[in-house]
Each structure stands twice: as structure tokens, then as C-alpha cells.
Amino acid sequence: MKVLFPASEITRRVQELGKRIASEYQGKDLLVIAILKGGFMFASDLVRSVDLPLKIEFVRLSSYGCSDSPQGEVKILSDLDCPIAGRHVLIVDDIMDTGHSLIAFKKHLESRKPASVRICTMIDKTCRRGKPIEPDYYGFRIEDGFVVGYGLDYAEDFRTLPDIYIFEPADSQR
Ligand code: IMP
Ligand code: MG
């Protein structure tokens with residue numbers, strides 16, 4: 001596997017994002033919703049770089065929204081147990097690929113009348129985007145390729161690596 005974004009670069013970007021988010025949400029009731037499992041590492045670094053009082057919740061989505069599964073559906077395996085009406089919600093996830101899962105989850109949240117919903121992903125992968133959606137904040141943009149590390153997995157492997165790698169098909173035969 002080849003390193004695409006080393007941990008040092010990731011740290012630098014996360015700090016930049018944290019500053020931007022802190023300035024844009026100043027004085028607002030900010031609720032970060034981290035998506036498990038992929039978003040766990042990014043969310044944990046990001047919330048520590050946002051110098052504001054905020055709250056964090058976790059949800060787990062099924063992979064129904066993935067491009068190799070039936071589209072347009074997202075199953076929530078573990079939902080929020082707090083009200084979000086009137087609050088400013090920031091969804092934090094590892095990657096936006098086709099966009100299906102985050103479109104569906106955002107719609108699900110919007111039905112509960114939050115003051116705003118924005119999306120922050122570590123990676124914005126653009127080439128398979130099916131719908132008109134973009135993350136409001138992203139760490140790095142790539143056009144294509146499968147990436148692992150820093151929360152991102154291949155069949156549950158590689159999530160805990162501190163750098164982000166480009167995964168080649170040959171890597172799965174190891
Ligand atoms: P979506 O296609 O934007 O709905 O993304 C669905 C999910 O696919 C993401 O949350 C990731 O878990 C996974 N995924 C998409 N691209 C990659 C990748 O390059 N590496 C690891 N997981 C990915
Ligand atoms: Mg994911």
C-alpha cells in the first residue's frame with residue numbers, strides 16, 4: 001500500500017478544519033454526529049481541534065447506501081437518542097463516495113427540524129457521485145481510488161492505521 005496522506009498532513013488539515021468550524025459555529029448550539037465506524041478517528045481528532053463547547057453523539061448506519069448495494073436506502077443500526085430540533089448539527093464521516101448514505105441520513109435528520117445540518121468528511125471522493133451533494137467541509141479531495149487507514153477500512157482491516165493509504169487489489173491477497 002502507498003501512503004497518500006501522511007498523519008502529519010492529516011493533523012494539519014484537521015486543525016485547519018477545526019478553526020474554520022469554530023469560527024462558523026461560534027455562539028451556536030453545535031451537535032457533532034459522528035458516523036460509526038469509519039468516522040470515529042476523524043471525529044475524535046476534529047472535536048479536539050474545535051475550540052467551542054459542543055456535544056457529540058454517535059450513530060451507526062448500515063451499508064445499504066453503498067454503491068454496490070440497493071441504492072437510496074440507509075438503515076440506521078443505532079440511532080440518536082437525543083432531540084435535535086433547533087440545534088446545529090454537523091455530521092462527521094470518513095468519506096463521501098457516491099453520497100447515497102449521507103444524503104439519506106441528512107434527510108432523516110432534517111425531518112426532525114434541526115436549525116441546520118452540514119456534512120464534514122475527511123475524504124471527498126468525487127468520481128462516483130450520483131447525486132448533487134458535496135460535503136460542506138472536507139479534509140482532502142480525491143477523484144478516484146480506494147483508500148484505507150484513519151478510520152477507513154477494507155473488510156474491517158486497516159482502520160487503525162494513522163496514515164491514509166491507497167489500497168490496490170493486490171493488497172487483499174496478502
Ligand atoms: P457513499 O457511497 O458515499 O454512500 O459511501 C458509503 C460508504 O462506503 C462510506 O461511508 C465508506 O464506509 C465506504 N467507502 C466508500 N469509498 C471508500 C474508500 O475508498 N475506502 C473505504 N471505504 C469507502
Ligand atoms: Mg463509512
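Residue numbers count from 1 along this sequence. Whatever order the structure lists ligands and atoms in, that order sets their numbers, starting from 1. Quick caveat: nothing in here was measured; it's all calculated off a predicted structure.
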Please state whether [X] comes within less than 4.0 angstrom of ligand 1, counting heavy atoms only.
X: D153; value: yes
X: L102; value: no
X: G99; value: yes
X: V148; value: no

Show me which atoms of ligand 1 lie under 4.0 Å from any heavy atom of [X].
X: S101; value: 1 (P), 4 (O), 5 (O), 6 (C)
X: G145; value: 19 (O)
X: D93; value: 10 (O)
X: D94; value: 10 (O), 12 (O)

(request) Could you note down all residue pairs passing salt bridge (charged side-chain N to carboxylate O under 4.0 Å, His left out) where residues 101-113 supplies at least one of them, sequence neighbours left out? (result)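 Passing the test, one end in residues 101-113: D79-R112.
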(message) Do the side chains of K37 and E156 get close enough for a salt bridge, i.e. N-O under 4.0 angstrom?
(response)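 Salt bridge present between K37 and E156.
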(request) Look at R12 together with E16 and state whether they make a salt bridge at an N to O cut-off of under 4.0 Å. (result)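 Yes.
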(message) Please check: side-chain N/O of R129 versus main-chain N/O of D97, any donor-acceptor pairing under 3.5 Å?
(response)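 Here the side-chain-to-backbone pair exists.
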(message) If we ignore hydrogens and angles and just use 3.5 Å, is the side chain of D93 paired with the main-chain N or O of T121 as donor and acceptor?
(response)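 No, D93 side chain to T121 backbone: no donor-acceptor pair under 3.5 Å.
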Considering only heavy atoms, which of [options] lies nearest to [atom]?
atom: atom 20 (N) of ligand 1; options: I166, L152, V147; result: V147
atom: atom 22 (N) of ligand 1; options: F158, Y165, F105, F146; result: F146
atom: atom 16 (N) of ligand 1; options: R129, K125, K37; result: K125

(request) May I ask you to decide if the ring planes of F140 and F5 are parallel, tilted or perpendicular, using 30° and 60° as cut-offs? (result)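 Rings of F140 and F5: parallel, as their planes differ by under 30°.
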(request) Would you mind telling me if ligand 1 is within reach of the side chain of I35, the backbone, both or neither, using heavy atoms under 4.0 Å? (result)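 No part of I35 comes within reach of ligand 1.
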(request) Compute the centroid of each ring, for Y165 and then for F158, and state whether the two points are separated by less than 6.0 Å. (result)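 Distance test on ring centres: not under 6.0 Å, no.
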(message) Test of understanding: with salt bridge (Lys or Arg N to Asp or Glu O under 4.0 Å), list the residues that count as partners of R60, not counting sequence neighbours.
(response)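 Salt bridge (Lys or Arg N to Asp or Glu O under 4.0 Å) list for R60, sorted by chain: empty.
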